[in-house]
Amino acid sequence: MLDNLDEFFKGFGYTLALFLVCAVASLVLGTLLVAMRVGPIAVLRSLAAVYVSVVRNTPLVLIFIFFHFAAPIIGINFRWVQVHIGSYDFTSAFATAFVALSLYTACFVCEGLRSGVNAVPMGQAEAARAIGLPFSGVMTQVVLPQAIRASVPPVASALIAMLKNTSVAAIFFLAEATATMRGLTNDYSSQRIGIFLAFAIGYIVLVEIVSMISLTFERRWRIA
Amino acid sequence: MAASVLFDAPGPATRMRHRMYTAIASAGIIAAVVYAVVKLNNDGQFEYGLWEPFVTPDYLSALILDGLVDTVTMAVFAIIGAVVFGFLFGVAKMSDHAFIRWPAWVVVEFFRAMPVLLMMFFVFYMWFISVQGSFLWIDQRSGFFTVVIALTCYNGAVLAEVVRAGVNAVPKGQAEAAYAIGMRKTQVMTIILLPQAVKVMLPAIISQMVVALKDTSLGYAVAAPGLTRVGQSIYKEFHNQVPTAIVLAVLYVGLNLLLTLLATWIQRRFVGEKKIDVVSVAAGIDNDRGGPV
């Protein structure tokens with residue numbers, strides 16, 4: 001295991017890169033979805049609701065299968081993605097994982113944010129309307145700031161789940177941490193337990209870091 | 001908070017504006033759907049040949065029997081294991097003895113923070129790559145038990161937290177009264193606390209079943225049976241990836257919606273609207289669905 005530390009870190013490098021870009025994308029998409037879900041336009045409300053309940057109930061593997069095997073047939077492919085940074089290659093495997101994970105996680109982010117909106121006391125919105133704020137004012141000045149604070153824990157748990165879900169990309173030809181582990185356990189079959197523990201601890205450390213960040217925000221933003 | 005609190009009942013000008021937005025949005029959605037259908041049609045995805053397997057009795061029975069039944073069986077095995085695991089470790093985590101409490105804490109945190117897939121690879125390479133024969137009616141080499149074991153550990157760890165939160169949600173006086181009439185710690189836990197906690201936990205357990213059901217598809221990585229594998233063999237034969245993905249998605253979504261309905265019904269029947277939030281939130285899982293996969 002110690003001889004292959006560079007592979008270990010490279011695997012987690014891909015995992016971390018995938019996590020970071022997907023976190024940004026799914027937060028943005030999830031915010032859009034929640035805005036549609038609580039907004040006044042009925043068509044957009046039901047569109048977002050349908051999207052969330054369909055994608056959320058589909059296994060992530062199936063979404064990966066769709067973008068990896070089915071989508072190229074109808075002309076959706078990511079072969080044009082060719083970014084190379086240092087020794088890291090971000091190609092179609094990475095782009096597929098990025099799209100699948102972001103679309104999937106956005107649903108959970110949306111639900112987390114929505115529970116935040118639901119947690120804001122009704123009187124807050126009523127008072128905001130009473131002083132004459134329009135919908136945009138009610139949302140941006142009064143409701144969303146409180147909703148975002150309240151939704152830190154569920155959104156963080158969605159992101160932690162996403163961090164663990166990056167491992168699914170291992171099945172679809174991305175050499176991230178889990179795929180690296182699979183390779184190493186094949187090559188050094190006598191040290192399987194050590195290799196497994198090392199990678200498990202790697203994931204646990206990452207998860208703990210994310211949950212520590214979320215705890216910090218939760219404390220700092222706590223409403224008195 | 002109901003969405004309607006967020007905005008005033010619209011006046012005439014706003015109603016006009018909303019109607020405009022609605023029209024634009026509907027036009028956009030319809031355009032997207034039409035584009036998708038036309039595109040699929042141009043690519044020949046609606047050709048009968050590609051959909052034929054899904055109306056042919058042999059393939060249909062393979063899909064339902066080998067796929068759906070295997071998937072559900074794996075999920076049921078995993079959830080039974082997870083409930084046992086969850087109760088053992090959830091109660092152990094609340095033990096008064098540090099030498100029981102801390103190991104249980106380590107085990108639960110370990111399995112909770114690790115990807116199920118990593119666990120699955122490990123179980124597969126450590127164990128099932130070398131076993132022979134069958135257990136009950138299931139071929140041990142098929143990857144079935146790899147999936148079950150990995151899912152048991154992961155979901156068990158999550159349910160351990162649910163159990164702990166559920167027991168903590170039982171009013172304190174219940175335990176105090178039980179001690180007062182001279183019950184032992186074990187009796188208080190098994191006769192007084194757990195039965196009341198189970199009621200509150202039921203919806204959370206069913207949400208976890210949805211997670212387990214979806215996660216069985218990870219067995220794809222170790223060639224375990226189930227819907228995903230049957231789908232794979234169908235599209236490898238007919239090259240009908242798009243229809244297969246659609247059919248599989250419909251099957252999974254249908255199953256999960258049924259489970260969600262069951263959870264909602266049980267929640268109304270046994271729990272009432274509010275209490276479930278206590279359990280899910282304290283256990284760190286999302287309101288109506290565990291975060292993971």
Side-chain angles (χ1 to χ4, degrees), chain A residues 38-45 47 53-54 56-62 65-66 69-70 73-75 108 111-112 115 117-118 120-122 125-126 129 134-135 138-139 143 153-154 157-158 160-161 164-168 170-171 178 181-182 185-186 189 192-193 196 199-200 203-204 207-208, chain B residues 1-3 5-8 10 14 18 21-22 25-26 29 39-40 43 45 109-110 112-119 121-122 125-126 210 213-218 220-221 228 231-232 235 239 241-242 244-245 248-249 252-253 255-257 260 281 284-293:
Chain A
V38 299
I41 316 285
V43 181
L44 293 180
R45 257 203 316 263
L47 176 70
S53 53
V54 166
R56 200 172 58 157
N57 283 309
T58 313
L60 181 57
V61 176
L62 200 59
I65 288 180
F66 180 78
F69 298 121
I73 293 181
I74 50 174
F108 296 95
E111 290 303 88
S115 75
V117 172
N118 285 332
V120 178
M122 219 180 264
E126 285 172 348
R129 275 170 44 204
F135 176 65
V138 175
M139 285 305 275
V143 174
S157 77
I160 287 174
K164 293 187 278 174
N165 284 339
T166 54
S167 64
V168 175
I171 317 176
T178 302
M181 185 206 83
R182 186 176 48 180
T185 50
N186 269 338
S189 53
R192 270 180 195 142
I193 295 183
F196 167 69
F199 279 91
Y203 274 106
I204 291 171
V207 167
E208 291 304 325
Chain B
M1 175 166 50
V5 190
L6 293 173
F7 37 85
D8 279 307
T14 314
H18 283 177
Y21 291 151
T22 306
S26 314
I29 295 169
K39 178 108 180 67
L40 286 176
D43 288 340
Q45 291 300 330
E109 288 303 306
F110 181 76
R112 238 159 66 101
M114 189 181 42
V116 189
L117 191 61
L118 195 75
M119 180 76 193
F121 281 137
F122 179 68
Y125 285 120
M126 272 317 276
V210 174
L213 193 72
K214 282 165 66 188
D215 278 0
T216 53
S217 63
L218 286 172
Y220 179 79
T228 333
Q232 191 192 12
Y235 73 64
H239 299 288
Q241 279 85 342
V242 179
T244 307
L248 288 189
Y252 272 113
V253 172
L255 271 180
N256 288 332
L257 287 183
T260 310
V281 168
I285 58 179
D286 202 338
N287 269 340
D288 32 6
R289 194 63 36 82
V293 184

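The chains referred to below are lettered A, B, ... by the order of the sequence lines, with proteins before strands, and numbering in each begins at 1.
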Geometric class of the F69(A)/Y235(B) ring pair [parallel <30°, tilted 30-60°, perpendicular >60°]: tilted

Would you name the heavy atoms of [X] and [Y] that are closest together and state the gap between them?
X	Y	result
I41(A)	T22(B)	CG2-OG1, 3.7 Å
A249(B)	T58(A)	CB-CG2, 4.2 Å
K214(B)	P59(A)	O-CB, 3.6 Å

Flag the one option from [options] with the top tally of heavy-atom pairs under 4.5 Å to chain A.
options	value
E109(B), Q232(B), M114(B)	M114(B)
P115(B), A25(B), G231(B)	P115(B)
L117(B), L255(B), V242(B)	L117(B)

Which atoms of [X] come close to chain B, meaning under 4.5 Å heavy atom to heavy atom: side chain ones, backbone ones, both, or neither?
X	answer
I204(A)	both
T185(A)	side chain
I193(A)	both

Inter-residue atom distance S167(A).OG - M119(B).CE, 0.5 Å rounding: 13.0 Å

Those residues that, when tested against Y220(B), pass ring-ring contact (aromatic ring centres under 6.0 Å, His included) (two or more places apart): F172(A)

Contact class of I29(B) relative to chain A, heavy atoms under 4.5 angstrom: side chain

